[in-house]
Amino acid sequence: MGLKVFNTLSGKKEDFVPLEQGRVGMYVCGVTVYDFSHIGHARCYVAFDVAYRYLKASGLEVRYVRNFTDVDDKIINRAAQTGEAPVDLATRNIRAFHEDMDALNCRRPDVEPRVTDHIPDIIALVERIVANGHGYAAPDGSVYFSIDSFREYGQLSKRNLDDMVAGASERVDEDPNKRNPLDFVLWKPAKPGEPWWESPWGRGRPGWHIECSAMSARHLGETFDIHGGGKDLVFPHHENEIAQSRAASGREFVKYWLHNGFVNVDQEKMSKSLGNFFTIRDVLVKYHPEAIRMFLLSTHYRSPINYSTRNLEEATGRIEYMTETVAKLDAAIADGGPEGGEVAPDAERVKAAIREAMDDDFNTAAALGHLFELCRGANDWVARKKKTPGRLATLVAIREVLREAASIFGILENPPARVLAEIKDRDVVRLGLDVTDIEKVIAERWAARQAKDFARADALRAELGARNIDVSDSPSGSTWRVRRQTQE
RNA sequence: GGCGCCAUAGCCAAGUGGUAAGGCAGAGGACUGCAAAUCCUUCAUCCCCCGGUUCGAAUCCGGGUGGCGCCUCCA
């Protein structure tokens, strides 16, 4: 394979060469489970789900690790509000996260470690960092990482220590426990009522960044191939991970750093703190999971993407079109036709084009464009006469490419009829339609048609049209669907 | 203030040196009682602006304008 990935560390696209031939270790920072996840999280995990699927489809053996941060200030604070034990709150949110990811058809990572299951690893790691002279215990029971001991600090985020010190001095209060204001905490002492674990520095809990260093080493080894996450993690989280891991092992930590762009709302980053977020579960009520994936994958993962109902509607339309194409294709293939004949080159050409696009830093937007062309071709072939030479063979070849693409993008994997029905259900919910009433009008119109009362039938069509309902007639009856609101 | 990213048609969006993918919307056509769906055709002489490099730039370099992000919890 000729995969190239954009590495944040070098700022360039690089040839992807696994450390160990044929095998890939991939770590993606998971969520801090204090609340439901939003579309911004969905983007990250769908993007890396596709990367995971593509690497596997390319014949690599991938070990995908994604953690749960289940102990931290936010969880403790939230638990205090709800009156739950922090661990219960975390467990509840992990379950919710799984529901969301499963709904979005994201494959489960091979390992999903929880911080609280790795405290001994974390303590051992902190001890090693201290022993190597890169960390120090402060009088209050905290252990800090010493920035000054790690010359490469800032490499990933392209920051200069002096500038940061200057910038930080303006708003970071001098902390008597720290040797350098930029030192960050590896282990923090527990305040009364907080969860704690025994450690060489007294009762306490892990700092924010250390868990990923510990868990990635535990499950992937000290050096591994891919580390991913949102762009907002580049600094300080990933920068600090590098410092910790390298300070402990003395070895290279991660070969390729991949970061996804944000989901914006009105050109502004979607985030909890801004309050402009939409939870995955809320969006799933109104839009089909495949539509959400289509929406997210229609833009390259590193670029910003704007969340809007308009874009979700459009993505829904695209999924609907592709799903219907698959349905027609399957029906036409089942219907058979003359065997043999020359297979049209479309299938192979598009298959290669999709690979090429995906090899270029997972360019799903370009790949989906090619898939669209293939669907046009599919519909064209379906509509040709059954005895057209090579028709059946071509349809089969196209279907096969569609199947392969589906497994990479995580769409078009379910029975078309079911997906279409699920999309329609959401249309009904979103627009608050009265299905019984609509079907009453449909029946009435069908009767008028049977009676050749076309004026009446047209009037009823117009009436439904005013309610955003399109009717289509076939010899066996009329069906209806919701008109997509894809224009201003 | 420091660092980084982005700017492509009415809208969404690929394209990083060889003359603008794909989708939505729009227009015309085939099909249809009329429609819908589907298919076909059409729709950016041009890629924010100004310079430069080059035989050749949306693509590289410099400057400008506009937008966003990180520097604090954040996918």
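These figures come from a predicted structure and were not determined experimentally. Only this structure's heavy atoms are used, side chains among them; waters, hydrogens and symmetry mates stay out.
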At under 4.0 Å between heavy atoms, what does Gly317(A) touch on the DNA or RNA strands: base, sugar-phosphate, or nothing? nothing
Take nucleotides 12-18 of chain B nucleotide by nucleotide from the 5' end and write B, S or -, depending on whether a protein heavy atom sits under 4.0 Å from the base, only from the sugar-phosphate, or from neither. SSSS---
Rounded interatomic separation in angstrom, taking NZ from Lys269(A) and P from G4(B): 19 Å
For C5(B) versus U19(B), give the span between their C1' atoms, rounded off to a whole number of Å. 28 Å
Over 60° means perpendicular and under 30° means parallel, so tell me whether Tyr54(A) and Phe362(A) are parallel, tilted or perpendicular. perpendicular
Test for a donor-acceptor pair under 3.5 Å between the base of A35(B) and the side chain of Arg461(A), counting only N and O atoms. yes
Measure from CG on Leu274(A) to C1' on G69(B) and round the result to the nearest Å. 12 Å
Has the side chain of Lys74(A) got a donor or acceptor that lies under 3.5 Å from a partner of the other kind on the base of C73(B)? yes
Could you state the CZ-P distance from Arg483(A) to A25(B), rounded to the nearest angstrom? 11 Å
Taking the C1' atom in each of C71(B) and G63(B), what is the distance between them to the nearest angstrom? 26 Å
Of all residues at least two apart in sequence or in a different chain, which pass the side chain to side chain contact (heavy atoms under 4.5 Å, CB included) check with Asn468(A)? Arg483(A), Gln485(A)
Step-by-step ring-ring contact (aromatic ring centres under 6.0 Å, His included) determination, Tyr27(A) to His227(A): CA-CA 5 Å; Tyr27(A) 187 95; His227(A) 192 130; 5.0 Å; yes
Scan every strand shown for a Watson-Crick or G-U wobble partner of C48(B), both distances under 3.5 Å, and answer none if you come up empty. G64(B)
Start with the C-alpha gap between Tyr301(A) and Asn363(A), add the side-chain angles, then the distance that decides, and say whether side-chain hydrogen bond (donor to acceptor under 3.5 Å, both in side chains) holds. CA-CA 8 Å; Tyr301(A) 77 93; Asn363(A) 193 339; over 6 Å; no
Can you tell me the Watson-Crick or wobble partner of G33(B), both distances under 3.5 angstrom? none
Please work out if Thr479(A) contacts a base, only the sugar-phosphate, or nothing of the nucleic acid, heavy-atom cut-off 4.0 Å. nothing
Would you indicate which nucleotide in G69(B), C73(B), A75(B) comes nearest to any side-chain atom of Glu268(A)? G69(B)
How is Val234(A) classified with respect to the nucleic acid when contacts are heavy atoms under 4.0 Å: base, sugar-phosphate, or nothing? nothing
Working note: Phe372(A) + Tyr321(A), criterion ring-ring contact (aromatic ring centres under 6.0 Å, His included); need CA distance, chi angles, decisive distance, verdict. CA-CA 9 Å; Phe372(A) 230 94; Tyr321(A) 171 77; 5.0 Å; yes
Going by purine N1 to pyrimidine N3 plus the second Watson-Crick contact, or the G-U wobble pair, all under 3.5 Å, which nucleotide sits opposite G26(B)? U42(B)
Taking the side chain of Ala457(A) as its heavy atoms from C-beta onward, which of G33(B), A75(B), C73(B) lies nearest to it? G33(B)
With sugar-phosphate meaning primed atoms plus P, OP1 and OP2, does Phe454(A) contact a base, only sugar-phosphate, or nothing at under 4.0 Å between heavy atoms? base
Anything under 30° is parallel, anything over 60° is perpendicular, the rest tilted; go ahead and classify His98(A) against Phe68(A). perpendicular
Under a 3.5 Å cut-off for both distances, is G1(B) Watson-Crick or wobble paired, and to whom? C71(B)
Look at all strands and tell whether Val263(A) reaches a base, only sugar-phosphate, or nothing, counting heavy atoms closer than 4.0 Å. base
Using the C1' atom as the point on both nucleotides, what is the distance between G56(B) and A20(B), in whole Å? 16 Å
So, for His209(A) and His238(A), is the gap between ring centers shorter than 6.0 Å? no
Whole-angstrom distance between C46(B) and A58(B), as gauged at atom P: 11 Å
Watson-Crick or G-U wobble mate for U59(B), both contacts under 3.5 Å: none
On the side chain of Asp458(A), is there an atom forming a donor-acceptor pair with the base of G33(B) - under 3.5 Å, no angle test? yes
Arg159(A) (side chain) and G4(B) (base): donor-acceptor pair under 3.5 Å: no
Using the C1' atoms only, state how far U59(B) lies from G15(B), rounded to an integer number of Å. 9 Å
Quick one: sort the Tyr153(A) and Phe150(A) rings into parallel, tilted or perpendicular, breaks at 30° and 60°. perpendicular
Watson-Crick or G-U counterpart of A20(B), or none if no pair lies under 3.5 Å: none
Would you mind reading off the distance between His227(A) atom NE2 and A75(B) atom C1', rounded to a whole angstrom? 11 Å
Can any side-chain N or O of Asn379(A) pair as donor or acceptor with the backbone N or O of Cys375(A) at less than 3.5 Å? yes
With sugar-phosphate meaning primed atoms plus P, OP1 and OP2, does Lys272(A) contact a base, only sugar-phosphate, or nothing at under 4.0 Å between heavy atoms? nothing
Expressed as a whole number of angstroms, how long is the span from Leu464(A):CG to C34(B):C1'? 14 Å
Across the strands shown, which category fits Gly40(A) at heavy-atom distances under 4.0 angstrom: base, sugar-phosphate, nothing? base
Given C70(B), G33(B), G22(B), identify the nucleotide with an atom nearest to the side chain of Arg445(A). G33(B)
Rounding to an integer number of Å, can you tell me how far Leu460(A) CG sits from A36(B) P? 17 Å
Look for any protein N or O under 3.5 Å of an N or O in nucleotides 37-40 of chain B and output each such pair with its distance, or none.
| unit_1 | atom_1 | unit_2 | atom_2 | d |
| --- | --- | --- | --- | --- |
| C39(B) | OP1 | Tyr321(A) | OH | 2.4 |
| C39(B) | OP1 | Arg376(A) | NH1 | 3.4 |
| C39(B) | OP1 | Asn379(A) | ND2 | 3.3 |
| C39(B) | OP2 | Arg376(A) | NH1 | 3.1 |

Applying the side chain to side chain donor-acceptor pair (under 3.5 Å) test to Asp427(A), which of Arg484(A), Lys286(A), Arg481(A) qualifies? Arg484(A)
Scan Phe262(A) against the nucleic acid and name what it touches under 4.0 Å (heavy atoms): base, sugar-phosphate only, or nothing. base
Does Asp473(A) contact C34(B) through a side-chain donor or acceptor facing the base, at a distance under 3.5 Å? yes
Would you please indicate yes or no on a ring centroid separation below 6.0 angstrom for Tyr256(A) and Phe6(A)? no
